[in-house]
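Order of the sequence lines fixes the chain letters, A, B, ..., with proteins taken first and strands second; residue numbering starts at 1 for each chain.
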Amino acid sequence: MIKEKFTFAEEVKPQAGGGWYLVPADKIVEVCKTLRDDYKFDCLSCLTGIDLVDYFEVVYHLFSYSEKKPLVLKVKLEKQSSTMPSVSAIWPSANWMEREVFDLLGIKFENHPDLRRIMLPEDWAGHPLQKSYKEPEEYCGMSTKR
Amino acid sequence: MIQQLSLLFPMLPMWLVQAIWCGVVAVLLLTFFSLFAGPVSWLERRIAGRIMSRIGPNRVGPQGIIQWLADGVKNFLKEDLIPRDADKILFRFAPYPVFLGVTLTLVTLPFSSLLIGADLNVGLLYIVGAWGLVVIGLIAAGWSSNNKWTLLGGMRSAAQMISYEIPLVLSLLVVVLMSGSLSLQTIISSQGASPVEWFIFSNPFAFIAFVIFMISAVAEGNRTPFDLPEAESELVAGYNTEYSGMRFLFFFFAEWGNLYVIGALAASLFLGGWQIPAGWRNFASAQGPILPHVFEVLMFQLKTWIWVLLIIQLRWTLPRLRVDQLMKVSWKYLTPFAFVSIVGTGLWMVVFPEGWLFMKYLLLFSMLAVIGYFVWRAIWQLRFTKSKADFKLIV
Amino acid sequence: MIRTEEMTISMGPQHPATHGVLRFIVKTDGEVLHEVKPDVGYLHRSMEKIAEKVGYISFQPYTDRIDYVCAMTCNHAYAMAVEKAAGISAPERAEYLRVIASELNRISSHLIMAGVMAMDIGAFTPFIHAIRERETVNDLFEMLCGARLTYNYVRIGGVSFDAPANFKEKCVEFLNHFEPIIDEFNRLISFNKIYVERLANVGVVSREDAIAYNLVGPNLRGSGVRFDVRKDIPYSIYPKIDFNVPVGIGEAGKVGDCYDRYMIRIREMKESCKIVRQALEQMPEGEIMAKVPRKIKPPVTEVYSRCESARGDMGFYLVSDGTDKPYRLKIRTGSFSAMSIVEKIAPGLMIADLVAFISSLDVVAPEVDR
């Protein structure tokens with residue numbers, strides 16, 4: 001159904017595992033809003049990012065409680081900008097999940113109400129889940145290695 | 001008493017006799033107070049252990065009975081910490097009004113017809129006034145610690161104690177109405193040894209007053225379900241968060257001392273105090289002048305300890321109220337009912353100047369029925385739990 | 001000059017009611033909260049990064065530490081995710097043992113929640129009673145795998161040890177003992193007037209909010225949504241077992257208040273007893289471990305597997321690149337999203353209510369931070 005509605009969404013079906021839809025970053029808010037309002041995907045059960053070295057992937061696991069079915073959306077994100085719109089206005093649960101993705105992967109979400117680090121301290125350098133991440137030698141004068 | 005003493009020592013001037021007498025009484029009462037508060041802390045922990053199906057302190061002395069001494073020594077040796085930004089004078093001062101407020105009430109508690117620090121003719125008023133000192137200490141402790149949790153605790157205790165003082169005093173007025181006196185000895189003398197002669201069973205309104213008295217006294221003593229000022233899961237430890245060592249202990253001295261004061265007041269105001277049956281009195285008087293007083297003291301202690309134990313069990317059974325519910329209980333239920341019981345008792349005394357024996361027996365037996373049901377339920381539960389608590393998985 | 005201002009209090013990280021190391025920056029007007037900002041991350045260990053370094057098999061013990069109160073289900077959820085990716089299927093006896101272990105662990109986790117809830121409301125005794133019962137569950141786990149807190153029992157492809165010969169009878173003995181204990185616990189605290197008054201109509205999470213904020217498990221069911229991963233996305237042997245899913249009906253106040261969330265857990269303990277009984281009855285003899293290569297190398301794929309832990313839907317999102325280490329492992333937990341709703345619900349509550357609300361969400365700090 002999503003195929004007819006959004007012609008720009010590209011359906012990916014790997015040999016193993018479930019498939020997903022690839023959505024351009026600038027369209028994600030529109031897609032999510034329609035999915036929530038018209039297709040009853042009332043819950044964003046998981047939002048996460050993957051660092052695929054050349055580019056980032058942001059993965060949305062949606063779930064519809066009324067129809068009990070899941071849906072996976074993916075967004076490819078260039079590393080240079082690594083900025084994409086936030087869906088926290090659509091699902092409030094995205095608020096913290098986007099903060100976590102920002103904290104650990106460094107993806108910035110536009111229009112996010114409160115984009116701060118959530119797990120790591122405010123003054124931590126780097127984003128640990130990036131593949132190129134090097135653990136800093138010390139933090140605030142404390143050695144991180146023993 | 002003082003007159004008799006000054007006759008015994010005619011060479012001493014009157015003021016000296018009085019001073020010595022005051023000193024002796026003060027030392028005796030303080031000793032009694034510490035000797036009560038210490039073991040009762042051990043007792044409470046043992047009872048709590050039983051209720052929670054664990055053991056409780058049992059290492060220091062037989063069955064851990066001198067655990068409280070070890071705790072006392074430990075607390076003496078602890079450093080008396082004062083937070084850097086605390087109001088130092090107030091912080092040092094705060095435990096004393098708390099301690100004092102509770103100990104001062106002991107002065108007018110009648111342990112027997114003779115054993116009383118001072119039988120003031122405004123005894124009841126004095127007790128209420130002295131008890132009110134506690135709240136000053138708690139607020140001072142909460143404020144001076146310069147900690148927001150203690151501040152909240154202090155504020156809670158102020159709100160709580162002031163609002164519960166009202167139903168407390170009103171329910172005491174019922175007793176004053178019936179006995180026509182504020183002196184505790186007179187109040188006890190106007191009751192009798194038999195339960196039907198006690199004030200609690202004299203009319204239904206007095207019974208209500210007794211219930212109100214117990215509830216608000218428990219609230220005055222900061223005991224669960226009214227332990228909001230020191231609600232450890234909400235306010236860390238309430239007003240005494242920053243205290244350590246002996247100053248910390250003073251607060252707990254007061255808490256356990258309060259238990260005794262509550263029990264003793266309930267016993268002497270509503271339950272006939274030290275009154276013993278005439279048969280016992282005749283028997284005891286025949287043995288000498290001391291024995292009747294021993295009997296009286298024992299009777300008074302028995303009645304007091306029943307309430308002490310009851311309040312301890314309440315603490316380990318009930319959850320805690322919320323602040324607004326606490327206020328609601330006081331202002332919406334206890335205070336109006338206290339007024340009703342005052343008016344009702346007045347009317348009752350006009351309608352039945354000699355009392356109505358049927359109603360007294362009715363109240364007595366309904367109370368006994370409640371106690372009987374409680375005991376039956378407790379035994380049933382104990383049997384149930386015993387079969388369950390012995391369960392052991394041997395791996 | 002006299003002025004009024006809101007009091008900002010830092011509740012935690014060291015506070016008796018924060019169940020581990022959580023922190024709330026609280027703005028209050030006296031007792032009434034105006035704003036609550038949860039501040040998490042004090043227990044962040046970057047589990048997901050560790051997973052990328054240590055590989056599939058070595059990460060198994062780490063899953064215990066995600067949620068130490070209910071470690072079995074974390075083990076189970078992780079094992080399921082890797083099995084799904086690598087195409088391993090565990091023997092049937094192992095599946096039964098997994099379910100028995102998970103449900104026993106659910107009982108022990110809910111016991112902790114119920115006890116801590118009572119303790120936060122001010123009654124100490126129920127906590128100790130709950131812990132007493134939990135000890136016997138731990139004894140059973142000790143029989144199974146020798147550990148009492150972090151079990152590492154469910155492994156990829158099966159379970160680590162077979163149940164000892166007398167396990168079944170000991171387990172039934174425990175259940176016979178435990179089911180009446182739930183009723184006793186209810187008599188002790190659940191139906192206590194003060195307790196009900198403290199919890200009813202406090203921290204009401206509406207059905208819509210619960211779904212939008214992604215609450216899962218008992219918290220979601222407390223708001224009246226009949227959804228249980230065990231029933232609706234069945235896994236393991238749950239389809240073969242008959243059990244009910246308790247849902248909040250607002251028995252003391254509104255649907256979705258703290259009391260509903262509390263009673264759901266009490267009822268779930270009874271349901272878990274039922275499940276364990278049935279599983280013990282049906283459990284077949286046989287192998288407990290499938291043939292698993294020394295180095296698990298799933299094909300290039302990605303799986304999202306969901307499992308019902310004691311704190312609800314626990315998701316492992318696993319991206320594999322064909323090596324023996326996960327390319328990316330995202331652990332999606334119930335406590336994390338439960339914490340995010342505090343900010344929405346808390347304004348207007350009192351400090352004492354906040355404590356009740358947090359413990360009714362049954363948040364476990366390491367699961368929030370991972």
Problem - Intermediate values then yes/no, side chain to side chain contact (heavy atoms under 4.5 Å, CB included), C/Met11 and B/Trp149 - result: CA-CA 9 Å; C/Met11 190 170 170; B/Trp149 297 115; 3.8 Å; yes
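Interface remark: C/Val202 contributes side-chain atoms only to the contact with chain B (heavy atom separation under 4.5 Å). With a threshold of 4.5 angstrom between heavy atoms, C/Ala118 does not approach chain B through any atom at all. Contact of C/Asp120 with chain B is made through backbone and side chain together, with heavy-atom distances under 4.5 Å. Using a 4.5 Å cut-off between heavy atoms, C/Ile189 touches chain B through its side chain atoms alone. Residue contact with chain B, scored on non-hydrogen atoms closer than 4.5 Å, is absent for C/Ser359.
Atom CG of C/Leu149 has more than 12 heavy atoms from other residues, nucleotides or ligands within 6.0 Å. At most 12 non-hydrogen atoms from other residues, nucleotides or ligands lie less than 6.0 angstrom from CZ of B/Phe337. More than 12 heavy atoms of other shown residues, nucleotides or ligands fall within 6.0 angstrom of atom NZ in C/Lys274. Other residues, nucleotides and ligands contribute more than 12 heavy atoms inside 6.0 Å of the CZ atom of B/Arg54.
Of the listed residues (C/Thr8, C/Ile351, C/Leu188), the one with the most heavy-atom contacts under 4.5 Å to chain B is C/Thr8. Note: C/Arg198 leads C/Met350, C/Arg198, C/Met7 in heavy-atom pairs under 4.5 Å with chain B. Residue with the most contacts toward chain B among C/Met119, C/Arg187, C/Glu135: C/Arg187 (heavy-atom pairs, distance under 4.5 Å).
Between B/Arg315 atom CZ and C/Phe124 atom CZ the span is 7.5 Å, to the nearest 0.5 Å.
Exactly one of C/Val26, C/Ile9, C/Thr28 qualifies for a side-chain contact (heavy atoms from CB on, under 4.5 Å) with B/Lys148. That residue is C/Ile9.
Along residues 318-325 of chain B, the residues that come nearer than 4.5 angstrom to chain C, judged on non-hydrogen atoms, are B/Leu318, B/Pro319, B/Arg320, B/Leu321, B/Arg322, B/Val323, B/Asp324, B/Gln325 in order of number.
A distance-only check finds a donor-acceptor pair linking the side chain of C/Thr125 to the backbone of B/Trp316 [under 3.5 Å].
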